[in-house]
4 protein chains.
Amino acid sequence: MGSPSSASDLPEPAVRRRTGGRGARVRGQVLAAVGELLVEDGFDRLTVDAVAARAGVHRTSVYRRWRDVGGLLADLLDSAADDSWGPPDTGSLEEDLLALNHEVFAALADGPSLTTVLIEASFRFDDAARALGHFWDDRHARSAPVVTRAAARGEVPAATDPRAVLVTATAPLYHELLLLRTAPDPALPRRAARAAAAAARAGAFADPAPGPDPGPAPEGG
Amino acid sequence: MGSPSSASDLPEPAVRRRTGGRGARVRGQVLAAVGELLVEDGFDRLTVDAVAARAGVHRTSVYRRWRDVGGLLADLLDSAADDSWGPPDTGSLEEDLLALNHEVFAALADGPSLTTVLIEASFRFDDAARALGHFWDDRHARSAPVVTRAAARGEVPAATDPRAVLVTATAPLYHELLLLRTAPDPALPRRAARAAAAAARAGAFADPAPGPDPGPAPEGG
Amino acid sequence: MGSPSSASDLPEPAVRRRTGGRGARVRGQVLAAVGELLVEDGFDRLTVDAVAARAGVHRTSVYRRWRDVGGLLADLLDSAADDSWGPPDTGSLEEDLLALNHEVFAALADGPSLTTVLIEASFRFDDAARALGHFWDDRHARSAPVVTRAAARGEVPAATDPRAVLVTATAPLYHELLLLRTAPDPALPRRAARAAAAAARAGAFADPAPGPDPGPAPEGG
Amino acid sequence: MGSPSSASDLPEPAVRRRTGGRGARVRGQVLAAVGELLVEDGFDRLTVDAVAARAGVHRTSVYRRWRDVGGLLADLLDSAADDSWGPPDTGSLEEDLLALNHEVFAALADGPSLTTVLIEASFRFDDAARALGHFWDDRHARSAPVVTRAAARGEVPAATDPRAVLVTATAPLYHELLLLRTAPDPALPRRAARAAAAAARAGAFADPAPGPDPGPAPEGG
DNA sequence: CTTTAAGCGAGACGGTACGTCCGGTCTTATT
DNA sequence: AATAAGACCGGACGTACCGTCTCGCTTAAAG
């Protein structure tokens, strides 16, 4: 649930020259360079020139394949998707959520991680935003069993919406660490997991919402 | 709880020339220009040149007072602080949280609002990040009575942490609308408010945390 | 001997596009613009922006090739070198020197000429100073026959140093017209030529200097 | 003949406060600052701000008295005029001219002296150009006896123009050291002095010019 | 095994914005 | 009345990146 894995998971780029040809080599080198530059210098040092230089590739070769930095990040995110990821299964909803939260916490807590950077990028590049959305959709889909298993165990109502539970559990971490930028509180993952689990048990995420939302409130100014 | 009010709340800038002198006039014009440009063109059109031109002020005059765009936004945020804001008081924790969430929802739902833009800016400028942190701290502090009153009414345990409740209630909105960028779901404010209230009633935010956090999970990526 | 020729001697820039490519066209346009601006507005109106605008070229394209205005002037001077120039040959040292002096006089007498401006620039930009030095070295070398021929004719001693004669003949013109800024005196070229010729005849520039310089005088301020 | 004396000749500025009042103090401090900055940083570091800061005076106080940097230099030059200066008197025209040349040489030979700087300034500021012109006029007038005494001794024709002799003697130094920027040649002062003396003896500067100048030569550039 | 065309290296270009320096003018407050 | 303090307007500087273009060369794949 936590974060995309790093670019170093790419299939060793420098070796295979024949398979896929020169193009594949360039792509690999560039994406690797993007990953390195991101963790070293952060996002706003990530210029096309710097990437090209680091990759040992010419500027125009980058522009040819990727429109801009956003495209680079989107591609990086896609290529870095960890298809082997799976949710925890501890036998308890709260403990499962806690495990997920620990992943998220680890990805966000220590300074400008790859995740942080990708989120920041998603504000500026539609490509990156879309790619990040896909990543999260995927993670939510894979994590759904955490909730459906709890429903099967009778921990939560059968109609409980998995996604809502997952979002409720993880959102406070993103909010505190990315937006509010409070100092990482080690108790935070558990508190958020417990709260989400408690709400789920109380039926807060059971589908047939009893009362419809009455509508918008006056602008908050 | 939702968002800082717009720059147009500034005391009519063009009129008062003597009080505060030329400097105050310039400051007012510039901050007004920042606000206007933000809502019109969004954040990445917000260049110092554009601000200066719109404000009818010279570039260097902007640089003299504000280091960069981040400084401008921080100042805007400070000057736009709405000191008259107060939390709702409906007599019920869930309804109070719902009212707060409606404010947040309104500020985030319709495209690139001032709030969105300030959050985006907070990723790139420390000044803006600090100012936004202060804004939220202030809002959380002012909203605390929502929880303490509920505790006084016996709705939730006496030791319930107000901030944790507030964050739990609002975080899903920020997460869905800003990070996941899902289409605004009108049921979201109620669902999040209900979940936070349920968790609070269940004692998930009561101070003496029963079980300590067992430690970190394996790196997630 | 007088002055570098104007930039309009450049090989017609707008026509040849393929030969030398775009780069050559830009260079020609820019140098032409420099020349025009110099004679029209003088040296301190010669800003990079103005040059670029006049040349119909972008600012950054100027900075790419030429570090600064000094580089522009140096390049102008180089490109404007008149390879066809040759010294007069009247059969008399004094008349030859007079002809040279008339060239110098013409270049300096009427207000801010290209020469004036290049000299002024040489005070502020090393590039321009170097280029001007090369120009003068070249002119002195080409003018040497004026003196060697006189020596061959027996007008002056065989060991006469050509450069010293040329400098002695022309220096008073530069001094009066550029430094002292006295009103141009039409008799000046002849007087300086006659003096230099007389001194040369008297053996003042013959190599084996009889008495060595006794050393420095007290500081003059 | 050589150069204006340095600003440190000013009547000790920090001491006398009453004579002339605050204004005189400001003027003294500012001119002293100009002199110091010139020798330390050269001419193009000589900004009004820097002068004001060094003088411990406010920017506007400088602008009030002196229009610009040129005015400052002109004033400095005036105030630094050394009224006690007098020409040498060795009993021989060539030796007198040599002594004068040594002064000039010393002022020009070692890098960017005050003299160099003032000449450079004279290209950019009319004030400075005028002041420098006055300075040189004064020096030429004072040096005239060098020639008139030689005429009285019968060394040169009675009608010899003193100024022309002086210019012929010194001009090569300015030309070589300031314009051509050749490395300082210790033999130069003597060579120029000897040439000027020889020409004078030959009657090249005797007033009734035998042949009038035939007119301008074709443009040289 | 050749041909061919896609991709690449190279590098200039137009362009936007940056942040800085300096010039010169103004107003207000002080002394 | 002159000065200090300091903001302002304005012009120019030189830099960093952006995204586009043209040109010539290499090389992977199609004929």
Side-chain angles (χ1 to χ4, degrees), chain A residues 17-27 30 44-53 56-69 71, chain B residues 17-18 20-27 29-30 44-53 56-69, chain C residues 17-18 20-27 29-30 44-53 56-69, chain D residues 21-27 44-52 56-70:
Chain A
R17 258 189 89 131
R18 277 294 172 208
T19 318
R22 189 167 45 172
R25 190 192 85 241
V26 167
R27 178 166 179 266
V30 168
D44 41 289
R45 297 275 174 190
L46 189 74
T47 88
V48 172
D49 292 275
V51 169
V57 151
H58 199 267
R59 271 164 39 75
T60 45
S61 294
V62 177
Y63 278 112
R64 226 184 316 272
R65 283 173 177 276
W66 299 275
R67 265 197 77 76
D68 53 22
V69 176
Chain B
R17 232 194 116 128
R18 270 299 185 273
R22 187 168 44 173
R25 193 191 79 240
V26 168
R27 178 168 178 265
Q29 287 172 342
V30 168
D44 41 292
R45 299 274 174 189
L46 189 74
T47 86
V48 172
D49 292 278
V51 168
V57 151
H58 200 269
R59 264 163 45 73
T60 49
S61 293
V62 177
Y63 280 113
R64 195 171 313 111
R65 282 171 178 272
W66 300 275
R67 259 200 85 72
D68 51 24
V69 176
Chain C
R17 232 197 116 124
R18 270 300 186 269
R22 187 168 44 173
R25 194 191 79 241
V26 167
R27 178 167 178 264
Q29 287 171 343
V30 168
D44 41 292
R45 298 275 175 190
L46 189 73
T47 87
V48 173
D49 292 278
V51 169
V57 151
H58 201 269
R59 261 163 46 74
T60 49
S61 293
V62 177
Y63 280 113
R64 214 185 329 272
R65 280 170 180 275
W66 300 276
R67 260 199 84 71
D68 50 25
V69 176
Chain D
R22 188 165 47 174
R25 191 191 81 241
V26 167
R27 177 166 179 266
D44 41 288
R45 297 276 175 190
L46 190 73
T47 88
V48 173
D49 292 276
V51 169
V57 151
H58 199 266
R59 272 164 40 77
T60 46
S61 295
V62 177
Y63 279 112
R64 221 183 324 271
R65 279 171 181 276
W66 301 275
R67 261 199 80 76
D68 52 24
V69 175

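Numbers restart at 1 for each chain; the letters A, B, ... are given by sequence-line order, proteins then strands.
Sequence order on DNA chain F of the closest nucleotides to B:His58 and C:Val69 puts B:His58 first from the 5' end. Looking at which nucleotide of DNA chain E each of B:Ala50 and C:Val57 is closest to, the 5′-most match is held by C:Val57.
Residue C:Arg25 places no side-chain N or O under 4.0 Å from the OP1 or OP2 atom of E:dC13. Between D:Ser61 and F:dT3 there is no side-chain polar atom (N or O) within less than 4.0 angstrom of OP1 or OP2.
Closest non-hydrogen pair, D:Thr47 versus D:Ala50, comes out as OG1-N, 2.9 Å.
For the pair C:Arg27 CZ and E:dA12 P, the interatomic distance rounds to 14 Å; values are reported in whole Å. Protein atom CG of C:Leu46 is 18 Å distant from nucleotide atom P of F:dG11, rounded to whole Å.
Among E:dC8, F:dG19, E:dC13, the nucleotide with an atom closest to any side-chain atom of C:Val26 is E:dC13.
Going from atom NE2 of A:His58 over to atom CG of A:Asp49 covers 9.0 Å, rounded to the nearest 0.5 Å.
Counting heavy atoms from C-beta on, the side chains of C:Val48 and C:Asp68 never come closer than 4.5 Å.
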All N/O contacts under 3.5 Å from nucleotides 20-22 of chain E to the protein, with atom names and distances to one decimal?
from   : atom 1 : to      : atom 2 : distance (Å)
E:dT20 : O4     : B:Arg59 : NH2    : 3.2

